[in-house]
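Computed from a predicted model, the values in this text were never measured in an experiment.
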Amino acid sequence: MKDLQAALDHRREQGLYRKRRILSSAAGAEVKLNENGTRCFCSNDYLGLANHPEIAQAAISAIEKYGVGSGAAHLICGHHQLHHQLEEELADFLGQERALLFSTGYMANIGVITALTDKHDTVYEDKLNHASLIDAGRYSDAELVRYPHADMENLASRLKNSSAQRKIIVTDGVFSMDGDVAPLKEITQLAKQHRAWTMVDDAHGIGVIGEQGKGSPSHLGLTPSDIDIHMGTLGKAFGVSGAFVAAREMIIETLIQEARTYVYTTAMPPALAAAALTSLSIIKKEDWRRAQLKERIHQFRKGATQLGLELLPSETAIQPIILGDAQKALQWSEALMNKGIWLSAIRPPTVPKGTARLRVTLSASHSEQQVDALLSALEGLCA
Ligand SMILES: *Cc1c(COP(=O)(O)O)cnc(C)c1O
């Protein structure tokens, strides 16, 4: 029997105990925690859309017209025209034949990998893939192979020696804890060579990088046909909630028939689809948000490097400061909180042991002054 209390105590001793903080304002660059104003550098609201008035209004208008609940799963009677329109616009945006909405990214990943494979197949995953992809590989009947982070030689040899019927190479587009972009050119070449499919989880790429925010394949100069399955979430750059999978007809139809996390769950509220439609139009046309984000990334990297902090080679909005020890990450995070800066400590098992970090995420909604304030608070800790 699992000793729950001992496990909790052990966690606490290791500096791995997790706690929630209670927000009493909208998400954004400045938030309220227990009525205290705090600068937030840990949300995934990369474009500053989570509290955008037009997007909020789209949801309000849809609620006034259609109510809150969808009433049922998509295959029963919950599939609303707003869901359908969003799917069509997302497919069009990403240059794929079709798209399918899921209630969360976690569910999308579980649904895709379990529905598309059986025991004759192999799923190849980067070791640093998001937990939802790793879980999906575990839950599926396929063999799960995890290759060292971005190690294309290792992946090539694993593919070469495989006798699997279907092979799917699955990777984060932008790695969620390190911020680097996956070597998709090499991955798609290997996929062609070994007749494997490719799946890109672009939770941190869509909206943020690539032409018009089309994500990591576009950022690297690939075309939509290079990627078999392009997954994205609506809760990060989109500022809403939910997720989608874009792919060709046969794949989407298989998911509709067989993905259990699609079939056996209530459809997201239609109002969220309305909000996401408005987000999508802003993402496509407002390049200035991506330009502003780039400036903040540059400002942060320059300042943090001058302070002698250990950064990773990331050009994206995800800029981890590696501290190593979990307790140290926790202490820094608490000291920053006392200075009105909210940066969460990311510890094992979310990241490998000995690489505990503060995960800084920048947003188009941060001002130059706010990033300066973050840097001077960090300077105080370095001293
Ligand atoms: C956040 C995230 C998910 C999960 O998406 P949710 O909609 O939050 O469930 C999946 N993959 C990656 C890479 C993520 O960062």
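- Closest approach of Leu94 to Ala246, counting heavy atoms only: CD1-CB, 4.1 Å.
- The backbone N or O of Arg158 sits nowhere less than 3.5 Å from a side-chain atom of Ser162 that would complete a donor-acceptor pair.
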**Study point:** Working for side chain to side chain contact (heavy atoms under 4.5 Å, CB included), residues Glu334 and Leu330
**Key:** CA-CA 6 Å; Glu334 276 165 13; Leu330 205 59; 4.2 Å; yes

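- Clustering ILVMFWY residues whenever any of their side-chain heavy atoms sit less than 4.5 angstrom apart, transitively, puts Leu155 in the very cluster that holds Val145.
- Checking side-chain atoms of Arg301 against main-chain N and O of Ser314 turns up a donor-acceptor pair under 3.5 Å.
- Residues Thr316 and Val181 form a side-chain contact, since some pair of their non-hydrogen atoms from C-beta on lies under 4.5 Å apart.
- Formation of a donor-acceptor pair under 3.5 Å by the Glu186 side chain with backbone atoms of Ala150 is not found in this model.
- Across all non-hydrogen atoms, the minimal contact from Ser333 to Ser344 is OG-CA, 4.3 Å.
- Considering only heavy atoms from C-beta on, Thr265 comes within 4.5 Å of Met107 through its side chain.
- Atom NZ of residue Lys214 and atom NZ of residue Lys284 lie 8.0 Å apart, to the nearest 0.5 angstrom.
- Within 6.0 Å of the NZ atom in Lys65, the count of heavy atoms belonging to other residues, nucleotides or ligands does not exceed 12.
- In this structure, Asp228 and Arg248 have side chains that are in contact, with non-hydrogen atoms separated by less than 4.5 Å.
- Atoms CD1 and OH, on Ile209 and Tyr46 in that order, are 10.5 Å from each other to the nearest 0.5 Å.
- Atoms OH and OG, from Tyr147 and Ser157 in turn, are 12.5 Å apart once rounded to the nearest 0.5 Å.
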Practice item. Give the intermediate values and the outcome of side chain to side chain donor-acceptor pair (under 3.5 Å) for residues Asp9 and Gln5. Key: CA-CA 6 Å; Asp9 294 344; Gln5 193 58 51; 3.1 Å; yes

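- Distance alone, capped at 3.5 Å, places no donor-acceptor pair between the Ser241 side chain and the Gly235 backbone.
- Between Glu89 and Gln85, the side chains place a donor N or O and an acceptor N or O closer than 3.5 Å (distance only, hydrogens not considered).
- Few gaps surround NE2 on His120; more than 12 heavy atoms of other groups in view lie less than 6.0 Å from it.
- Here CG of Leu311 is found 12.0 Å from CG of Asp178. Values are rounded to the nearest 0.5 Å.
- Two residues are said to be in side-chain contact when any heavy atoms from C-beta on lie closer than 4.5 Å; Leu378 and Leu336 meet this criterion.
- Side-chain N or O atoms of Glu87 include none that pairs as donor or acceptor with a backbone N or O of Arg98 at under 3.5 Å.
- For an aromatic pair to be called close, the ring centres must be under 6.0 Å apart, and Phe300 with His366 fails this.
- Cluster membership for Ile341 and Leu309, using ILVMFWY side-chain heavy atoms within less than 4.5 angstrom, is shared.
- Thr117 places a side-chain N or O within 3.5 Å of a backbone atom of Ile113 that can act as its donor or acceptor partner.
- The ring-ring contact (aromatic ring centres under 6.0 Å, His included) analysis of residues 220-249, with sequence neighbours excluded, yields no pairs.
- Here the closest non-hydrogen pair linking Ala271 and Ile63 is CB-CG1, 3.5 Å.
- Using modelled atom types, one side-chain atom of Asp201 and one backbone atom of Ala203 make a donor-acceptor pair closer than 3.5 Å.
- With His149 as the partner, the side chain to side chain donor-acceptor pair (under 3.5 Å) test is satisfied by one option alone out of Thr171, Asp126, Asn129: Asp126.
- The local environment of CD in Glu249 is crowded, with over 12 non-hydrogen atoms from other residues, nucleotides or ligands closer than 6.0 Å.
- Nearest heavy-atom pair, Ala115 versus Thr254, reported as atom, atom and distance to 0.1 Å: O-CG2, 4.0 Å.
- Nearest heavy-atom pair across Gly173 and Asp202 is CA-OD1, 3.7 Å.
- Using a 4.5 Å cut-off between side-chain heavy atoms of Ile, Leu, Val, Met, Phe, Trp and Tyr, with links allowed through other members, Trp197 and Val123 fall into the same hydrophobic cluster.
- Counted by atom type alone, Glu253 and Gln257 present one or more donor-acceptor pairs between their side chains at under 3.5 Å.
- A side-chain donor from one of Gln57 and Ser61 sits under 3.5 Å from a side-chain acceptor of the other.
- Between Tyr262 and His74, the ring planes lie parallel to each other; the angle is under 30°, not in the 30° to 60° tilted range.
- No more than 12 heavy-atom neighbours from other residues, nucleotides or ligands sit within 6.0 angstrom of CD on Glu315.
- Summarising the geometry of Leu293 relative to Val208, their closest heavy-atom pair is CD2-CG1, 3.5 Å, with the distance given to 0.1 Å.
- No more than 12 heavy-atom neighbours from other residues, nucleotides or ligands sit within 6.0 angstrom of NZ on Lys294.
- When side chains are defined from C-beta on, Gln299 counts as touching Asp372, because their heavy atoms get closer than 4.5 Å.
- Both Ile55 and Met268 sit in one connected hydrophobic cluster of ILVMFWY residues. Membership requires side-chain heavy atoms under 4.5 Å apart, directly or through other members.
- In terms of modelled atom types and a separation under 3.5 Å, the side chain of Ser363 and the main chain of Asp45 share a donor-acceptor contact.
- Taking the charged nitrogens against the carboxylate oxygens, Asp226 and Lys185 have no contact shorter than 4.0 Å, which rules out a salt bridge.
- The SG atom of Cys40 sits 7.5 Å away from atom CG of Leu23, with the distance rounded to the nearest 0.5 Å.
- In this structure the side chain of Leu358 never reaches within 4.5 angstrom of the side chain of Cys42, judged on heavy atoms.
- Distance alone, capped at 3.5 Å, places no donor-acceptor pair between the Arg289 side chain and the Ala364 backbone.
- The local environment of CD1 in Ile76 is sparse, with at most 12 non-hydrogen atoms from other residues, nucleotides or ligands closer than 6.0 Å.
- For the pair Glu153/Asp151, a side-chain contact is recorded, criterion being any heavy-atom separation below 4.5 Å from C-beta on.
- To the nearest 0.5 Å, atoms OG (Ser279) and NE2 (His52) are separated by 8.5 Å.
- In this structure, Glu30 and Gln370 have side chains that are in contact, with non-hydrogen atoms separated by less than 4.5 Å.
- Classified by interplanar angle (parallel below 30°, tilted 30° to 60°, perpendicular above 60°), the ring pair His79/His83 is parallel.
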**Study point:** Evaluation steps, side chain to side chain contact (heavy atoms under 4.5 Å, CB included), between Glu310 and Arg357
**Key:** CA-CA 10 Å; Glu310 185 185 347; Arg357 63 195 69 186; over 6 Å; no

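- There is no path of hydrophobic side-chain contacts, each under 4.5 Å, that joins Ile252 to Phe93.
- Shown are Leu272, Leu280, Leu86; of these, the side chain to side chain contact (heavy atoms under 4.5 Å, CB included) with Leu234 is made only by Leu86.
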Point to revise | Residue pair Ser132, Asn109: steps toward the side chain to side chain donor-acceptor pair (under 3.5 Å) verdict | key: CA-CA 6 Å; Ser132 57; Asn109 285 339; 3.0 Å; yes

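- Under 3.5 Å, the side chains of Thr350 and Arg359 contain no donor-acceptor pair of N or O atoms.
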Exercise for review: With side chain to side chain donor-acceptor pair (under 3.5 Å) as the test, would you mind laying out the steps for Gln189 and Gln193 before giving the verdict?
Suggested key: CA-CA 6 Å; Gln189 269 163 13; Gln193 221 173 316; over 6 Å; no

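- Counting only distance, with no hydrogens or angles, the side chain of Asp121 and the backbone of Arg166 share a donor-acceptor pair below 3.5 Å.
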